[in-house]
Amino acid sequence: MKTFCGRANPATGALDWVEESEEYDYHQEIARSCYADMLHDHDRNEKYYQGIRAAVSRVKARGEKVIVLDIGTGTGLLSMMAVTAGADYCYAVEVFKPMADAAFRIVKKNGFSDKIKIINKHSTEVTVGIDGDMETRANVLVTELFDTELIGEGALPSYEHAHLNLVQAGCEAVPHRATVYAQLVESEQLWSWAQLQPMEVDGRKLLPPPAVSHCAGAHSVCDIQLSQVPPHRFTPLGPLCTMFSVDFSKPVSSAPQSHSSSFPAQSSGRAQVVLSWWDIDMDPSGSIVCSMAPSWTYPDPQSAPWRDHWMQSVYFLPVERRVAEGEELSLTVSHDDYSLWYSLQPDSEAPPCRPCCVCQAHLVWTRTRFGELNDRQRTQSYVRALRSVIKPDSVCLGVSDGSLLPIFAHMLGAKKVLNANSMRGVQILGIRPDQLSSTDLAGEQISVLIGEPYFSTSLLPWHSLYFWYCRTALVRLLAPNATILPCSATLCMVAVEFQDLWRIRAPCGTCEGFDVGPMDEMVQQSLDFRESHEAEPQPLWEYPCRALTQPRAVMTFDFLQCVPEQPIRCQGSLPFTRRGRCHGVALWMEYQLNDDIKVSMGLTRPVSEEGACEWSLHRKQGVYFFRSPWESSGDGRASVSYSFTFEPSIGDIKMDFTIVIYTLN
């Protein structure tokens, strides 16, 4: 059965009604999941296997039958490990039905159907008894309920319920315990993601509104690949602190708690940010440890396991505070059943309530959007471009979400500025550009149309072409020879070899000796439903890659003209110039502000001779993964053939790529 779904089109701004299969949502969930990444995480799998073997051995040594409860079984991998290790029976709980069905097929394919029961329920709905889902309580509890923040997937309530209802007292648990670590640091880069900073425009200082600068911000975690933030980007103000541990073999409470760690400041600076990660001990002795620590904590950073399903956490203190070397500090972490937050305060004070944004900016702007607005070099580029077009009689209209450009235009002397932030001389228009009329402009015409462009609804780089649609809708209100800034946009591409990101799409085949082929088939079917024909957004600064071709501008959109009625098409080929394994294509937009100034939302520097890429910290790029990687010899005998079609009616770009091999006669 199919149904009509209303979806906001991020490029055109229109509400599109599309016919979707009833399976679309779960296909999308599977296609964008981390299942493959987890199964490719050999360190995680190996540590779990070691912990399960040890737990099963301890129960058998007591002369007991080994009954395992596996909560969040996914593929059934951990249950199969348990049976192989000698468990008598496993109850494997999985709430997501497509995944539970795949686990059933995987368990059957590996010959464990008589020892493993798949239960398609949330663990809190599982019953125990003669007529229940489980005949008896388990004496081994195996779980993988964690996210980057440890507790964000509801681990605490699930453990709490399991100990009360599903497992025996004194049960073995794998993992046995988790420990959360934190370090207080000063970091200009990271703090720029939390608060709007003062900036200079034409020699005048622009300060953020007090409501924004005094706001504690949103408490939500910022999860990133902290390995890609090098140590020179922050200054530690204290040691790495052990904040708290949770013993999963004993009853667990999901009630709010706070834990503190005191230490003398090891250097003077501004206390701004807390870096945090956790590890899990798979056994009571702590001899089997799986750590989420970033690579720069390892003696050999190259030996650090890569994983995207568990990263590291960045937390922002409610207020920045200056500290002096040697000053006694107390770092407090508080948590409810799903989230953590940090504060710096004396031990004698009660822990603060969870931070809450009261200025709205932290609810509207993402972390990276704050960073983008605080980027001084980027600001200078826009100010220089505006300075070249703003005149005393200019009537400016800004079209971007939460942009500072209209304020800059006012400070540069424009006669009137509309649709911008609240400031004297700047008028806010709370309507869409296509609803704007001459009355709203008091009979005047727009002489300068400005945009970054940035829109909060944009997911892929070309979704910011919404600016072009707005410019088209405003054509009757534009003065003759009106300035459009930016004047054009260019879609760029480069074929790349990913250091690690390829794992999220690569089939697993066999994992730790178990055939997980049915999961590969399920993921591929969901990808083929739609995702394999589309690019997906990724912040490539977090995922190192190497260019195997030269970057190329493949399609230009002229904002001086209206959006055309007919499709725009381009095709060509890009030779491989470097040896490596090509996993796909990276795509991004570049905006031409005027004849001399261009800003890139992708590569920020030329590709190095070795192919190293440096990406924008502020915007996500598009990644089109090839179904199978291609081994490039780098001799120019093979190329990526590409075809792009911009469909004006839907505001989307269709693309197709093939590998072409040239033969020498």
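What you see is a predicted model; the values in this text were computed from it and never measured. Positions are given from 1 along the sequence.
- Two rings, from Trp588 and Trp615, have their centers less than 6.0 Å apart.
- A donor-acceptor pair under 3.5 Å is absent between the side-chain atoms of Trp462 and the main chain of Met589, judged by distance alone.
- Within 6.0 Å of the CZ atom in Arg581, the count of heavy atoms belonging to other residues, nucleotides or ligands does not exceed 12.
- Residues Phe467 and Phe559 bring their aromatic ring centres within 6.0 Å.
- Between Leu501 and Gln538, some side-chain heavy-atom pair lies under the 4.5 Å cut-off.
- Remark: side-chain polar atoms of His463 are paired, donor with acceptor, to backbone N or O of Leu460 under 3.5 angstrom.
- The shortest side-chain heavy-atom distance between Tyr298 and Ser303 falls under the 4.5 Å cut-off.
- Panel note: side chain Asp223, backbone Thr148; no donor-acceptor pair is recorded below 3.5 Å.
- Residues Met311 and Met292 are not in side-chain contact: their nearest non-hydrogen atoms beyond the backbone lie 4.5 Å or more apart.
- Below 30°, between 30° and 60°, or above 60°: for Tyr543 and Trp306 the angle between ring planes is above 60°, a perpendicular geometry.
- Judged purely by atom type and a 3.5 angstrom limit, Thr490 has no side-chain atom pairing as donor or acceptor with the backbone of Thr556.
- Remark: the Gln225 side chain and the Asp308 side chain contain an N/O donor-acceptor pair separated by less than 3.5 Å.
- Annotation: Trp468 is in aromatic contact with Phe557 [ring centroid separation under 6.0 Å].
- Other residues, nucleotides and ligands contribute at most 12 non-hydrogen atoms within 6.0 Å of the CD atom of Glu188.
- At distances below 3.5 Å, not a single donor-acceptor pair connects side-chain atoms of Asp281 with backbone N or O atoms of Arg177.
- Atom CG of Asn45 and atom CE of Met38 lie 9.5 Å apart (nearest 0.5 Å).
- In this structure, the side chains of Val180 and Leu150 come closer than 4.5 Å at one or more pairs of heavy atoms.
- Here Glu497 does not pair with Arg578 in a salt bridge; the nearest charged N to carboxylate O distance is not below 4.0 Å.
- Between Lys620 and Glu536 there is no salt bridge, since no side-chain N of the basic residue sits under 4.0 Å from a carboxylate O of the acidic one.
- Side-chain atoms of Tyr382 and Leu593, non-hydrogen and from C-beta on, do get closer than 4.5 Å to each other.
- The OG atom of Ser334 lies 11.0 Å from the CZ atom of Arg354; values are rounded to the nearest 0.5 Å.
- Leu206 approaches Met411 most closely through the heavy-atom pair CD1-SD, 4.1 Å.
- Checked for salt-bridge contact, Asp37 and Arg503 miss the test: no charged N lies under 4.0 Å from a carboxylate O.
- A donor-acceptor pair shorter than 3.5 Å can be found between the side chains of Asp401 and Ser456.
- A donor-acceptor pair is defined here as one N or O able to donate and one able to accept, closer than 3.5 Å; no such pair exists between the side chain of Gln592 and the backbone of Cys487.
- Taking the six-membered ring for Trp, Trp193 and Phe370 have ring centres at least 6.0 Å apart.
- Glu149 CD to Ser339 OG: the interatomic distance, rounded to the nearest 0.5 Å, is 6.0 Å.
- Counting only distance, with no hydrogens or angles, the side chain of Thr379 and the backbone of Asp375 share a donor-acceptor pair below 3.5 Å.
- You'll find the side chain of Leu184 reaches within 4.5 Å of the side chain of Phe263, heavy atoms only.
- Between Glu200 and Lys205, none of the side-chain N atoms (NZ, or NE/NH1/NH2) sits under 4.0 Å from a carboxylate O, so this pair counts as no salt bridge.
- A donor-acceptor contact shorter than 3.5 Å links the side chain of Thr366 to the backbone of Arg369.
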Quiz item: Should Ser276 and Ser313 be marked as a side-chain hydrogen bond (donor to acceptor under 3.5 Å, both in side chains) after you check the CA-CA gap, both sets of side-chain angles, and the distance that decides it?
Solution: CA-CA 5 Å; Ser276 181; Ser313 300; 5.4 Å; no
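- Between Cys290 and Asp43 there is a side-chain heavy-atom pair separated by less than 4.5 Å.
- Residues Ala182 and Val274 share a closest heavy-atom pair of CB-CG1, 3.7 Å.
- Tested against His259, the residues Tyr181, Tyr342, Phe244 include a single ring pair (Phe, Tyr, Trp, His ring centres under 6.0 Å) partner, Phe244.
- Residues Glu610 and Arg546 are not paired through a salt bridge, judged by the lack of any N-O separation under 4.0 Å between the basic side chain and the carboxylate.
- With 3.5 Å as the limit, one finds a donor-acceptor pair spanning the side chains of Thr332 and Ser260.
- Put simply, the side chain of Trp277 reaches to within 4.5 Å of the side chain of Thr297, judged on heavy atoms.
- Closest heavy-atom contact between Pro433 and Val399: CG-CG1, 4.1 Å.
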Which pairs would a plain distance check flag for residues 226-242, meaning a side-chain donor or acceptor within less than 3.5 Å of a matching protein atom at least two apart in sequence or in another chain?
unit_1	atom_1	unit_2	atom_2	d
Ser227	OG	Ser295	N	2.8
Ser227	OG	Ser295	OG	3.3
Arg233	NE	Gln189	OE1	3.4

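- Shortest non-hydrogen contact noted between Ala506 and Ala36 is O-CB, 3.7 Å.
- With respect to the salt-bridge test (charged N to carboxylate O, under 4.0 angstrom), the residues Arg307 and Asp500 do not qualify.
- From Leu491, atom CG reaches atom CE of Met601 across 13.5 Å, with rounding to the nearest 0.5 Å.
- Ser403 and Glu452 form a side-chain donor-acceptor contact under 3.5 Å, judged by distance and modelled atom types alone.
- The aromatic rings of Trp502 and His583 lie parallel to each other, with less than 30° between the two planes, well short of the 60° mark.
- Between the side chain of Ser608 and the backbone N or O of Ala612, at least one donor-acceptor pair lies under 3.5 Å.
- Atom CZ of residue Arg270 and atom CD of residue Glu320 lie 5.0 Å apart, to the nearest 0.5 angstrom.
- With hydrogens and angles disregarded, no donor-acceptor distance shorter than 3.5 Å links the side chain of Gln380 to the backbone of Gln377.
- Here the straight-line distance linking atom CG of Leu485 with atom CZ of Arg471 works out to 13.0 Å at 0.5 Å rounding.
- Between Ser267 and Val323, the shortest heavy-atom distance links the atoms O-CG2, 4.2 Å.
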